[in-house]
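By convention in this document, chain letters (A, B, ...) are assigned in the order of the sequence lines, proteins followed by strands, and residues within each chain are numbered from 1.
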Protein chains: 2
Amino acid sequence: MEPEQRLMEMGSLVGEPRRLGMLVRLLDGQACPAGELAHHVGIRPSTASHHLDLLVRGGLLTVLTQGRHRYYRLANPAVAAWLEQLAALAAPATPRSLRGATEQRLLAEARTCYDHLAGRLGVLWTRAWVERGWVDETVEGYLVRPAGLAWLCTAGVTTAPTGPLVLGRHEVDWTERVPHFAGPMARAMTRWMLTTGWVVRGPIPRTIQVTNLGWTELGALGVAAPRPT
Amino acid sequence: MEPEQRLMEMGSLVGEPRRLGMLVRLLDGQACPAGELAHHVGIRPSTASHHLDLLVRGGLLTVLTQGRHRYYRLANPAVAAWLEQLAALAAPATPRSLRGATEQRLLAEARTCYDHLAGRLGVLWTRAWVERGWVDETVEGYLVRPAGLAWLCTAGVTTAPTGPLVLGRHEVDWTERVPHFAGPMARAMTRWMLTTGWVVRGPIPRTIQVTNLGWTELGALGVAAPRPT
DNA sequence: TTGTCATTTCTACGGGGATCGAAACATCGG
DNA sequence: CCGATGTTTCGATCCCCGTAGAAATGACAA
C-alpha cells in the first residue's frame, strides 16, 4: 500500500466520533470488552463491532479473546502518545464548561497515559528524579543512575531486565508542556505505585488519586503536593 | 463547548482525506494559496475553499490575505508535530512500494518539519551539538552553552532574543525515534542554513538537500555524511 | 442437551457531507 | 473602465458510511 494512502486511512479511522471516543476510552492502556465500549459511546454492539474491526485492521488496536469476551486495547504506546497529543491540540483554546471542568482538572492533576504517569504528578515525579541525580537525561531517554537504581531495588520495583535501564520520554502534556517518564520502566514504576497503595485509580476512567500514604512517601522523595486545596 | 466535543471536531477535521492531504502539503511550514492546495489534492477550488474554511475555523490553519491570493499555513508548530507523529504512526508497518520508495527515502534523509530540520540530518545535527557540549539537555529543552552561542554569533545566526537561548525538542521522527532541535532557535538555524547555501530545498515539497559546501562545513562540525551513495 | 450471554456477520436503510457548477466578489493589469 | 485571475458563496446532487435489526457463532452454566 502507498504510504500516503495509509496515512489517509489512519486519519479516516480517527475521523469518526464514536471510534475516537472508544480510542480515548482506552487511553488508560487497559483492555476493555466490546460491549462496554459500545455502551460507552452509545451505539449498538453490532455497530461497535464493525468499528472495532476497522481499528484493529488499521493497527490502532489489538484484540485479546478470552472466553466469550473480546478485550480490546491500544496497539502500542505510540498510539496513546498520538492521542494525547491530539487532546493537547484540541484543548488550549477553551476555558472549560462547568461540568467538564472538574473532570479536566482531575485529569490534568494526575492520570495514566497508556501505562505510565502523566499530568502534573507525572511531571513532578520526573523532575524529582532529575533533580536528585537519579537519572541522566540523554538523547535516548532518561538513563537510570546507580542512586536511582538503588531506590528501585530496595523499593522492589521489578521489570524485565532490558540492557541499560532507560526511561523513555514523552513530550507533550495537556497542561505541563514538558517531557516525563514513559516506556517499560515507567510502566513498572506505575504498577508498583498502584500495588503499594501510593496511588489509586479515581472514579473517572484515567484519573489517579494520591493516597495519604502516597503523599508522605512522595514528599520524602522531593515531590511536594501540587495544591493542598 | 465541551472539551470532549472539541476533540471529536479535531478528529473529524483530519478524517477527510483531502483535508489531510492539504495539511500534509503544508507540513513544511510555508504558506500556500488556496488554488494550489486544491490542485494538489485533485479537487475543484470551490470544494477546497470549503475545506479550508473548516480547517481555519477548527484552529488548524491560519490564513493570510495578500491581494487576490489567500495564503494558508499551519496554525502553530504543535499542529505540525502532531501530523508528523501521525505519519510516524502510519509508517512503521509497510515495506515501501516502488514509486513511493525514493520519495520516502528522501524525506527520511532530510526534510523540514514546519520550520526546523528533521529526518536523519536533523538528528545528526542535534547529536553533534550535544556531543560537542554546545548544548545542555534540560527538562525544558536544549539549553545553548557559551561554546554553542559563540558559534551562532560568529556564523551570524540571528533570532529574536528570548531570555535564555533554548532549543525546544520534538520527539518522534519517522525513522529516527529520538528528539531533535525544534522551536524558534531551530527555525533561525534552518533559515540560516538555507540562506548560506549549506542546504537547498529539494524537488519534493518538504525535502532538503545538502550541498557540497554544506557537507564540508557540516563535516567540520562533526556531522558525517549519512551515506555517500 | 438447552438456554443465555457476548460478540460477530449480514443486509438494508437513511442521512450527513463531499462534490461540482454557476454566479458573485475581490484584485490586478492594462 | 475593461477583462482576466484567484477565491468564495450558494444551491443541488449523489454517494459513502454509520447505523440498527435479525440471525449466526462461540462459550459458559445447568
Could you give the [atom1]-to-[atom2] distance, from [X] to [N], as a whole number of Å?
X	N	atom1	atom2	answer
B:Leu52	C:dG17	CG	C1'	16 Å
B:His51	C:dC20	NE2	C1'	12 Å
B:Arg68	C:dC28	CZ	C1'	4 Å
B:Arg70	C:dC28	CZ	P	14 Å
A:Leu64	C:dT7	CG	P	12 Å
B:Arg19	C:dT19	CZ	C1'	13 Å
B:Leu13	C:dG17	CG	P	11 Å
A:Glu36	C:dC5	CD	C1'	16 Å

Report yes if the side chains of A:Leu194 and A:Val199 come closer than 4.5 Å at any heavy-atom pair, otherwise no.
->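 They are in contact (side-chain heavy atoms under 4.5 Å apart), so the answer is yes.
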Return the [atom1] to [atom2] distance between [X] and [Y], rounded to the nearest 0.5 Å.
X	Y	atom1	atom2	value
A:Met10	A:Trp82	CE	CH2	6.0 Å
B:Leu55	B:Thr62	CG	OG1	11.5 Å
A:Thr102	A:Glu109	OG1	CD	12.5 Å

Assess whether atom CZ of B:Arg201 is packed by more than 12 heavy atoms of other residues, nucleotides or ligands within 6.0 Å.
->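 Count over threshold, so yes.
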Is A:Arg25 atom CZ crowded by more than 12 heavy atoms from other residues, nucleotides or ligands, each under 6.0 Å away?
->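 Enclosed: over 12 neighbouring heavy atoms sit under 6.0 Å from CZ of A:Arg25.
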If you look at every strand shown and take non-hydrogen atoms under 4.0 Å, does B:His50 touch a base, only sugar-phosphate, or nothing?
->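 Answer is base: heavy atoms of B:His50 come under 4.0 Å of a base.
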Identify whether any heavy atom of B:Tyr71 sits under 4.0 Å from a base atom; if not, whether one sits that close to sugar-phosphate; answer base, sugar-phosphate or nothing.
->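 It contacts nothing in the nucleic acid.
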Counting heavy atoms from C-beta on, name the nucleotide in C:dA6, C:dC20, C:dT8 closest to the side chain of B:Ile43.
->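 Minimum distance to the B:Ile43 side chain belongs to C:dC20.
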Side chain of B:Arg44: nearest nucleotide among C:dG21, C:dA18, C:dT9?
->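 In terms of side-chain proximity for B:Arg44, the closest of C:dG21, C:dA18, C:dT9 is C:dG21.
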Does C:dT7 have OP1 or OP2 sitting under 4.0 Å from an N or O in the side chain of A:Ser49?
->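 For C:dT7, OP1/OP2 do not have a side-chain N/O of A:Ser49 under 4.0 Å.
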Which is the 5'-most and which the 3'-most nucleotide of DNA chain D that has an atom under 4.0 Å from a heavy atom of chain B?
->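 Here the contact window of chain B covers D:dA4 to D:dT9.
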Contact nearer the 5' end of DNA chain D, comparing A:Gly67 with A:Gly42 =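 Nearest nucleotide further toward 5': that of A:Gly42.
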Between B:Tyr72 and A:Ser46, name the one whose nearest nucleotide on DNA chain D is closer to the 5' end.
->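 Residue closer to the 5' terminus by nearest nucleotide: B:Tyr72.
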Ring geometry between A:His180 and A:His116 (parallel below 30°, tilted from 30 to 60°, perpendicular above 60°) =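 Taking A:His180 first and then A:His116, their aromatic rings sit tilted (interplane angle of 30° to 60°).
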